[in-house]
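Please read the structure below before turning to the comments.
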Amino acid sequence: MWDPAVYQRYADERDRPFHELVARVGAASPRSVVDLGCGDGRLTATLAQRWPDASVVGVDSSESMLAEAVSAAPGAAPGAAPGAAPSAASASGGARYVLGRIEDWQPEGPVDVLVSNAALQWVPRHWELLPRLVGALAPGGWLALQVPGNGDAPSHALLRSLRGSPRWRDRLGDAGRWPDVPDAAGYVALLAGLGCAVDAWETTYAHVLTGPDPVLGWVRGTALRPVLDRLSPAEAAEFEASYGAALREAYPAQPYGTVVPFRRVFAVAQVPG
């Protein structure tokens, strides 16, 4: 179960890639904007602010995240079921929200701007969805995606190692495995092959986190969630104690905080007009 409060703990660090992604989208006055994997809706709301005349729809598979989105936008409500039509727009003219999985999403009509920020990596072999996502775009439409590219980082390597240890491997299996994602050149090849003009790049952020066990706090909101979901409270505490100790060694605290390098991969594609 996704926990909005945990995810928002490092909101500034998590939000920055989204803003740098959508800044490369050149749509002037889109009519239809969709945010796939919208989470708690905070960033979806910025799309509605940028394009106030557009129909903006956020789609997410987490009921708790959408509940947070709805509470932040009075009048909006999640759709009744995955794939259902979105609910009515909020009274303030903000986004609408639909409960559903990215891989099941079907557009209501041609989409002018389709955004997916830090979500596609959760879809196995998500690159196989790209033809369908590009095909959902209106002429001249834009697809903007960002995925974490830190699967080989110490945080994730340590998680895989601990999960596969004799103590946990029978209990956890593949829980917590971080999926492979293409690099920037890979997205260029995939999207250009679909007829798009593509702008792709990679950025490694050096996040400076503060507080006790900040790296453990960071991954609680993402990579650690599938692991914790399979464990009892006592088991989760035991697992976190071992994982936290390993993280403290891999990411030593400094007087100014704990530095966490985080690579992200971006791609913005436009179909011909």
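These numbers were taken from a predicted model, which means no experiment stands behind them. Computed over heavy atoms, backbone and side chain alike; hydrogens, waters and symmetry mates excluded.
Considering only residues two or more places apart in sequence or on other chains, Gln49 meets the side chain to side chain contact (heavy atoms under 4.5 Å, CB included) condition with Thr46. Residues passing the side chain to side chain contact (heavy atoms under 4.5 Å, CB included) test with Ala119, sequence neighbours excluded: Ile102, Ser116. Applying the side chain to side chain donor-acceptor pair (under 3.5 Å) rule to Arg50 yields no partners; only residues at least two apart in sequence or on another chain are considered. Applying the side chain to side chain contact (heavy atoms under 4.5 Å, CB included) test to Gln270 and every residue at least two apart in sequence or in another chain returns Trp142. Annotation: salt bridge (charged side-chain N to carboxylate O under 4.0 Å, His left out) contacts of Arg132 (sequence neighbours excluded): none. Residues meeting the salt bridge (charged side-chain N to carboxylate O under 4.0 Å, His left out) test with Arg248, sequence neighbours left out: Asp213. Contacts of Glu249 classified as side chain to side chain contact (heavy atoms under 4.5 Å, CB included), with partners at least two apart in sequence or in another chain: none. For Arg171, the salt bridge (charged side-chain N to carboxylate O under 4.0 Å, His left out) test picks out Glu235, with sequence neighbours left out. Listed by chain and number, the residues in a ring-ring contact (aromatic ring centres under 6.0 Å, His included) with Tyr243 amount to none (sequence neighbours excluded).
Residue pairs meeting the ring pair (Phe, Tyr, Trp, His ring centres under 6.0 Å) criterion with at least one partner in residues 18-58, sequence neighbours excluded, do not occur; the list is empty. A ring pair (Phe, Tyr, Trp, His ring centres under 6.0 Å) check over residues 191-214, counting only residues at least two apart or in different chains, returns the pairs Trp201-Phe266, Tyr205-His207, His207-Trp218.
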Practice prompt. Please report the C-alpha distance between Arg163 and Arg160 in whole Å, then the side-chain angles of each, then the deciding distance to 0.1 Å, and finally whether the side-chain contact (heavy atoms from CB on, under 4.5 Å) criterion is met.
Written response: CA-CA 5 Å; Arg163 189 195 66 233; Arg160 288 192 294 269; 3.7 Å; yes
Item to complete: Could you go through the side-chain contact (heavy atoms from CB on, under 4.5 Å) check for Leu143 and Leu130 one step at a time?
Response: CA-CA 9 Å; Leu143 169 65; Leu130 294 179; 4.3 Å; yes
Discussion item. Show, in sequence, the C-alpha distance, side-chain angles and deciding distance for Asp229 and Arg225, and conclude whether the side-chain contact (heavy atoms from CB on, under 4.5 Å) test is met.
Written reply: CA-CA 6 Å; Asp229 287 346; Arg225 292 307 318 162; 3.2 Å; yes
Worksheet entry | side-chain contact (heavy atoms from CB on, under 4.5 Å) assessment of Arg263 paired with Asp183 | CA-CA 10 Å; Arg263 172 176 169 260; Asp183 59 11; 3.7 Å; yes
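Atom NE2 of His156 sits about 10.0 Å away from atom CG of Leu224, to the nearest 0.5 Å. Between Leu162 atom CG and Trp168 atom CH2 the span is 7.5 Å, to the nearest 0.5 Å.
Considering all non-hydrogen atoms of both residues, Asp112 and Ala138 come closest at OD1-CB, 3.5 Å. Here the shortest heavy-atom pairing between Gly41 and Tyr97 reads O-OH, 3.6 Å. The minimum heavy-atom distance between Gly39 and Asp60, with the atom names listed, is N-OD2, 2.7 Å. Contact between Cys38 and Leu66 at its shortest, heavy atoms only, is SG-CD2, 3.8 Å. Annotation for Ala48 and Val56: closest pair CA-CG2, 3.8 Å, computed over non-hydrogen atoms.
Val181 is connected to Leu36 through a chain of hydrophobic side-chain contacts under 4.5 Å among Ile, Leu, Val, Met, Phe, Trp and Tyr, so both are in one cluster. Under the 4.5 Å side-chain heavy-atom criterion for grouping Ile, Leu, Val, Met, Phe, Trp and Tyr, Val265 is connected to Leu114 within one hydrophobic cluster. The same ILVMFWY cluster, assembled from side-chain heavy atoms under 4.5 Å apart, contains both Leu158 and Leu209. Residues Val111 and Leu120 share a hydrophobic cluster, clusters being chains of Ile/Leu/Val/Met/Phe/Trp/Tyr side chains in contact below 4.5 Å. By the rule that hydrophobic residues join a cluster once side-chain heavy atoms approach within less than 4.5 Å of another member, Val271 and Leu145 end up as members of one cluster.
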Could you list the donor-acceptor pairs under 3.5 angstrom formed by side chains in residues 188-200, with sequence neighbours left out?
from: Asp199; atom 1: OD1; to: Arg24; atom 2: NH1; distance (Å): 3.4
from: Asp199; atom 1: OD2; to: Arg24; atom 2: NH1; distance (Å): 2.8

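With respect to the salt-bridge test (charged N to carboxylate O, under 4.0 angstrom), the residues Glu20 and Arg264 do not qualify.
Each of Arg31, Glu108, Arg96 was checked for a side chain to side chain donor-acceptor pair (under 3.5 Å) with Ser55, and the lone residue meeting it is Arg96.
Glu240 places a side-chain heavy atom less than 4.5 Å from the side chain of Leu228. Using a 4.5 Å cut-off on side-chain heavy atoms (C-beta onward), Ser61 and Trp105 make no contact. The shortest side-chain heavy-atom distance between Thr258 and Val215 falls under the 4.5 Å cut-off.
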